[in-house]
Amino acid sequence: MLQITYLREHRDTAITGLHKRGLQDAVQLIDRALEIDQLRRTAQARADELRALSNAESKKIGELMKAGKTEEAHALRQRVAQWKDELKKLEDNLAQYEEELRLHLYKIPNVPAQAVPAGKSADDNINVHQHGAIPVLPAGALPHWDLIKKYDIIDFELGNKITGAGFPVYKGKGAKLQRALISFFLDEAEKAGYSEMMPPHLVNEASGYGTGQLPDKEGQMYCVTADQLYLIPTAEVPITNLYRDTILNEQDLPVKHVGYTPCFRREAGSWGAHVRGLNRLHQFDKVEIVQIRKPEESYRALDEMCAYVQSLIEKLELPYRKMLLCGGDMGFNSAMTYDMEVYAAAQQRWLEVSSVSNFETYQANRMKLRYRDSKGKIHLLHTLNGSALALPRIVAALLENNQDEKGIRIPKALIPYTGFDRIS
RNA sequence: GGAGAGGUGUCCGAGUGGUUGAAGGAGCACGCCUGGAAAGUGUGUAUCCCGUGCAAGCGGGAUCGCGGGUUCGAAUCCCGCUCUCUCCGCCA
């Protein structure tokens, strides 16, 4: 969530920024936050005053008791007791305002960075870089959902039987390909300075709030109600939350982690004709990179992460483009996001395989993730993350782009991991 | 799942109602001592909020797992929750 101190000092900047998201009621949202904040501060000032008074008098009672002046102590005690109701009321008010402010701030999305273009939808995203030739497929080329059947490597029917739609079963070389990609991505990330984490696949409620999946987006997560745990929609959630409620020392920074996890998404209401096959799943595999950075370094880190992700796609020999998301297409928590899209030649579509975001202090503020500078001052940190990479659409593009009459060619970089150079 | 024990500051650890934000120790930082270091010695060493100030700071409030209660006053008493540890059970 946004910092209330930031809103106090930069109300207009925040409003201008939020308008880039197409947020019509930015003014009302922010002014309401400032209004609650004002009420809260007034309430706190009064409560503090009364508490100070009552603390001082209580102390006197103790001293009088010690001195044996029980009568005076008794009189004072009655006097102090009379403030109790008022104090209780003030404290209730204060707690109410604090809660109200917190809930209200949860409703306000992050303010897009300066460089983020205004826009409504994906149509307004900007293609900032494109790489690789668009493949021309031979006649009779198949989309990946046909290829996986032809070579019997991924089985939706079986997944449907044991679980449900959107939970495919990977078989034989299909399974091996998954493992190969995961290992390849992890090894590459390690070489790039990311230390590996293998976190739990279920998280508690506090973690959901920390990275911004909760409140309001619980519809996107599977929930284990018996234990009030959530299946992670991305490794971002457990890995970033490792640092919830921590104050890092300057020498601990930057933090760079990579983790592989399966990701579980309900994707409620987002199914349609264009999400066939591997394009959208309820469970998929993803390797995620996470960085925690000092504010002044975070945009450099964003570029670094993008460059890293691009290098991965290039090693897989897939054509891709890099999109700077417009305000309206960015996630709620993000200040700036680049999407990497690979071209799937049979579908003739660009598929998003990575989303690299800088959240600035938005998550850190929720999580109380801070660092102590060399002077001992404490500051919120910036959090960033990116897919590096999400597997299903990579697999879709690999299958479609690399098909010929003899089978599917495996890119060179991957062969040491698959142990085969062709699926046939 | 059953029984018991316990959650205090960076760490260890004292503390069963009244200047206790919290003894003592360790660690760490700075100073003294030293040719330098160790030892010794002195000082300091949590976070959040409100107010004030350009700032360093200063004043006030809150926080001893979390939430509630009793009380003029709670780390200390009561209730609920949660987590950890030990034993038993179960088990990859």
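Naming: A, B, ... by sequence-line order, numbering from 1 per chain.
- In terms of heavy-atom proximity, A:Ser355 sits nearest to A:Asp339 at OG-OD1, 2.8 Å.
- Nucleotides B:rG42 and B:rU52 place their P atoms 41 Å apart, quoted to the nearest Å.
- For the C1' atoms, the distance linking B:rU20 with B:rA74 amounts to 11 Å, nearest Å.
- Nucleotide B:rU10 holds its P atom 16 Å from the CD atom of A:Gln251, rounded to whole Å.
- With C1' as the reference atom, B:rG15 and B:rG53 are 39 Å apart, rounded to whole Å.
- Relative orientation of the A:Tyr222 and A:Phe264 rings is perpendicular, given thresholds of 30° and 60° on the angle between their planes.
- B:rC28: Watson-Crick or G-U partner is B:rG44, with both key distances under 3.5 Å.
- B:rC58 is paired with B:rG51 under the criterion used here, namely a Watson-Crick or G-U wobble arrangement in which both key atom distances are under 3.5 Å.
- With respect to the salt-bridge test (charged N to carboxylate O, under 4.0 angstrom), the residues A:Lys60 and A:Glu72 do not qualify.
- As a whole-Å value, the separation of A:Lys375 NZ from B:rG44 C1' is 20 Å.
- If you check B:rA92 for Watson-Crick or wobble pairing at under 3.5 angstrom, you find it has no partner at all.
- A sub-4.0 Å separation between OP1 or OP2 of B:rU47 and a side-chain N or O of A:Arg372 is present.
- The separation between A:Asp252 atom CG and B:rU10 atom C1' is 13 Å, rounded to whole Å.
- When rounded to the nearest whole Å, the span between CG of A:Asp245 and P of B:rU10 equals 13 Å.
- Contacts of A:Arg79 with the nucleic acid, taken as non-hydrogen atoms under 4.0 Å apart, are absent.
- Under 3.5 Å, the side chains of A:Gln291 and A:Tyr194 contain a donor-acceptor pair of N or O atoms.
- Rounded to whole Å, the P atom of B:rG60 lies 42 Å from the corresponding atom of B:rA5.
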Note to self: Within the 4.0 Å limit for protein heavy atoms, which parts of nucleotides 75-83 of chain B are touched? Write it as a string from 5' to 3', B for base, S for sugar-phosphate only, - for none.
What the structure shows: ---------
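- Electrostatic pairing of A:Asp48 and A:Arg51 counts as a salt bridge here, judged by a charged N lying under 4.0 Å from a carboxylate O.
- Using C1' as the reference atom, B:rG2 and B:rG89 are 8 Å apart when rounded to the nearest Å.
- Contact detail for A:Leu324 and A:Ala115: the closest heavy-atom pair is CD2-O, 3.7 Å.
- Only the P atoms considered, B:rA56 is 24 Å distant from B:rA62, to the nearest whole Å.
- In this entry the distance linking CG of A:Leu380 with P of B:rU47 reads 14 Å, nearest Å.
- Residue A:Lys84 is in base contact, counting any heavy-atom pair closer than 4.0 Å across all strands shown.
- Nucleic acid contact for A:Ile378: sugar-phosphate only, since backbone atoms but no base atoms lie under 4.0 Å from a heavy atom of the residue.
- Straight-line distance between the C1' atoms of B:rU63 and B:rU8: roughly 12 Å, to the nearest whole Å.
- Annotation: cation-pi geometry satisfied between A:Lys173 and A:Phe420 (NZ/CZ under 6.0 angstrom from ring centroid, within 45° of ring axis).
- Relative ring orientation between A:Tyr371 and A:His379 is described as tilted, the plane-to-plane angle lying within the 30° to 60° band.
- When heavy atoms are screened at a 4.0 angstrom cut-off, A:Arg370 is found touching the sugar-phosphate backbone but no base atom.
- Aromatic ring pairs are classed by plane angle as parallel below 30°, tilted from 30° to 60° and perpendicular above 60°; the pair A:Phe332 and A:Tyr362 is perpendicular.
- B:rG67: Watson-Crick or G-U partner is B:rC79, with both key distances under 3.5 Å.
- Listed nucleotides B:rC72, B:rU47, B:rC50 differ in distance to A:Ala81; the shortest reach to its side chain belongs to B:rC72.
- Of the side-chain N and O atoms in A:Arg8, one or more sit less than 4.0 angstrom from OP1 or OP2 of B:rC50.
- Remark on RNA chain B: of its neighbouring residues A:Lys368 and A:Val80, the 5'-side contact belongs to A:Lys368, judged by nearest-heavy-atom nucleotide.
- Annotation: B:rC66 and B:rU84 have their C1' atoms spaced 15 Å apart (nearest Å).
- If you measure from atom CZ of A:Arg41 to atom P of B:rC50, you get 7 Å, rounded to the nearest angstrom.
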Margin query: Base contacts versus sugar-phosphate-only contacts with protein, heavy atoms under 4.0 Å: please encode nucleotides 55-68 of chain B as B, S and - from 5' to 3'.
Written below: -S---BSS------
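- In this structure, A:Lys59 atom NZ and B:rU71 atom P are separated by 22 Å, rounded to whole Å.
- Residue A:Arg77 has its side chain nearest to B:rC72 when only B:rC72, B:rU47, B:rC50 are considered.
- In terms of position along RNA chain B, the nucleotide closest to A:Thr5 lies nearer the 5' end than the nucleotide closest to the other residue of the pair A:Gln78 and A:Thr5.
- B:rG35 makes up no base pair with any nucleotide shown, lacking Watson-Crick or G-U wobble contacts both under 3.5 Å.
- For B:rC87, the paired base is B:rG2 (Watson-Crick or G-U wobble, both distances below 3.5 Å).
- For the pair A:Glu57 CD and B:rG18 P, the computed distance is 19 Å after rounding to whole Å.
- Residues forming a ring-ring contact (aromatic ring centres under 6.0 Å, His included) with A:His257 (at least two apart in sequence, or on another chain): A:Tyr243.
- Checking A:Tyr106 against A:Arg102 by side-chain atom types alone, a donor-acceptor pair falls below 3.5 Å.
- Using a 4.0 Å cut-off between charged side-chain N and carboxylate O, A:Lys89 and A:Asp85 make no salt bridge.
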